[in-house]
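Okay, structure first, notes after.
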Number of protein chains: 2
Amino acid sequence: MSDSVTGRIRNAGLRVTRGRVAAIETLQALGGHRTVDEIARGLTGRGVKVARATVFNVLGDLATAGLVVIADAGPGPTRYEVATYDHHHFVCTICGSITDVPCAENGGQCIEPAVVDGTVSNVQVIYRGVCSSCEAGDT
Amino acid sequence: MSDSVTGRIRNAGLRVTRGRVAAIETLQALGGHRTVDEIARGLTGRGVKVARATVFNVLGDLATAGLVVIADAGPGPTRYEVATYDHHHFVCTICGSITDVPCAENGGQCIEPAVVDGTVSNVQVIYRGVCSSCEAGDT
DNA sequence: TGCTAAATTGGACTAAGTCCAAAGAAGCTC
DNA sequence: GAGCTTCTTTGGACTTAGTCCAATTTAGCA
Ligand SMILES: [Mn+2]
Ligand SMILES: [Mn+2]
Ligand SMILES: [Zn+2]
Ligand SMILES: [Zn+2]
């Protein structure tokens with residue numbers, strides 16, 4: 001039940017490999033919502049050599065295990081972030097920035113349960129608009 | 001103020017071209033949430049010859065004009081649908097099916113306004129889970 | 001240490017989408 | 001309708017995102 005990166009990977013039932021440890025550490029260090037290629041570059045920067053296909057594999061595995069999360073923001077490459085608290089995203093349609101939006105702002109649910117023909121296990125919300133920086137006219 | 005496809009395109013301030021008219025008609029006829037390549041095949045099937053790059057252009061333009069809508073469902077190619085009433089989507093994580101979820105089920109807002117650093121102009125919700133057909137064990 | 005299942009490798013491959021300069025068409029105005 | 005301007009289409013090359021696979025390496029266990 002370790003809380004270290006190694007421990008979290010093992011707890012998730014995954015083998016501890018160089019790539020998995022380094023991917024989480026790199027994603028953590030980079031912060032934010034990152035593409036596979038950004039993470040791959042981050043790994044290279046840290047002197048960790050892993051094949052591109054492996055970075056795809058590793059992030060897919062970590063996502064399945066719930067250690068990282070796909071921060072979907074519409075078109076473009078898939079973006080990952082380290083799993084933390086439950087939140088949604090605000091995407092600026094001008095500069096493309098992605099910022100976190102806490103899910104239950106005032107202690108309640110941010111969204112009503114929907115009536116669907118099946119069972120919902122996860123709800124993802126994307127707020128789109130113009131970020132304050134772009135509103136301020138920042139080029 | 002015509003309600004025909006031609007009229008709607010013109011009303012939107014766009015030039016009426018063969019490709020634009022045919023794209024809307026094809027998307028309408030196909031129904032559901034379609035990729036550019038599905039629409040391109042639909043066009044070919046109707047005997048309308050348009051370059052693939054044009055199908056991308058046309059759908060982008062129609063989306064900007066609000067005549068079609070991007071039905072985002074996570075990874076994979078962008079999917080379009082003809083603009084109708086406001087709704088969200090339920091995506092089956094097993095079979096990949098996408099079904100509509102009415103936005104304001106009981107007359108209210110389905111989602112609370114979020115506190116973001118900027119101005120939200122659009123909110124998109126993706127419900128993920130298992131559709132009833134997959135729950136029933138359909139292969 | 002040795003074994004076995006799981007993971008990585010790298011290179012080829014596919015899919016999704018962009019870009020561009022040249023050619024064509026839509027919507028004016030007269 | 002002719003002429004003009006601007007927008008749109010074209011098709012082929014190109015880029016980006018991601019998958020696939022057979023050979024090799026490694027993690028975890030006994
Ligand atoms: Mn986030
Ligand atoms: Mn829909
Ligand atoms: Zn912005
Ligand atoms: Zn299903």
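Computed over heavy atoms, backbone and side chain alike; hydrogens, waters and symmetry mates excluded.
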Partner residues of [X] under the side-chain contact (heavy atoms from CB on, under 4.5 Å) criterion, sequence neighbours left out:
{"X": "B/A22", "value": "B/L43, B/V48"}
{"X": "B/T78", "value": "A/P75, B/I70, B/Y80"}
{"X": "A/T84", "value": "A/V82, A/H87"}
{"X": "B/V69", "value": "B/E81, B/A83"}

Nearest whole Å is fine: how far is [N] [atom2] from [X] [atom1]?
{"X": "B/D61", "N": "C/dA26", "atom1": "CG", "atom2": "P", "value": "15 Å"}
{"X": "B/L59", "N": "D/dT8", "atom1": "CG", "atom2": "C1'", "value": "14 Å"}
{"X": "B/R79", "N": "C/dG17", "atom1": "CZ", "atom2": "P", "value": "10 Å"}

Worksheet item: Considering residues at least two apart in sequence or located in another chain, which fulfil the side chain to side chain donor-acceptor pair (under 3.5 Å) criterion with B/T119?
Response: A/E135

Item to complete: Check each residue of residues 14-25 of chain A for a non-hydrogen atom within less than 4.0 Å of any atom in DNA chain D, then write out the ones that pass by number, or none.
Response: A/R15, A/V16

Worksheet item: Roughly how far apart are B/I9 CD1 and B/L14 CG, rounded to 0.5 Å?
Response: 7.5 Å

Worksheet, complete the sentence: Students should find that the end-to-end axis angle of the helix from C/dT1-D/dA30 to C/dC30-D/dG1, with five pairs defining each axis and rounding to 10 degrees, is 40°

Worksheet item: Base, sugar-phosphate, or nothing for A/V36, non-hydrogen atoms under 4.0 angstrom?
Response: nothing

Discussion item. Please check: side-chain N/O of B/T93 versus main-chain N/O of B/G129, any donor-acceptor pairing under 3.5 Å?
Written reply: yes

Worksheet item: Can you list every pair that meets ring pair (Phe, Tyr, Trp, His ring centres under 6.0 Å) and has a residue in residues 11-40 of chain B, with sequence neighbours left out?
Response: B/H33-B/H89

Item to complete: Mind jotting down which residue pairs meet the salt bridge (Lys or Arg N to Asp or Glu O under 4.0 Å) criterion with at least one end in residues 116-132 of chain B? Sequence neighbours excluded, please.
Response: none

Discussion item. With side chain to side chain donor-acceptor pair (under 3.5 Å) as the rule and sequence neighbours excluded, what pairs involving residues 45-74 of chain B come up?
Written reply: B/R20-B/D61, B/D37-B/R52

Discussion item. For nucleotides 10-16 of chain C, give me one character per nucleotide, 5' to 3': B if any protein heavy atom sits under 4.0 Å from the base, S if the only such contacts are to the sugar-phosphate, - if neither.
Written reply: BB----S

Worksheet, complete the sentence: Closest to the 5' end of DNA chain C, once B/N57 and A/V55 are matched to their nearest nucleotides, is A/V55

Discussion item. Who clusters with A/Y85? Use side-chain heavy atoms, under 4.5 angstrom, across I, L, V, M, F, W and Y, and order the result by chain and number.
Written reply: none

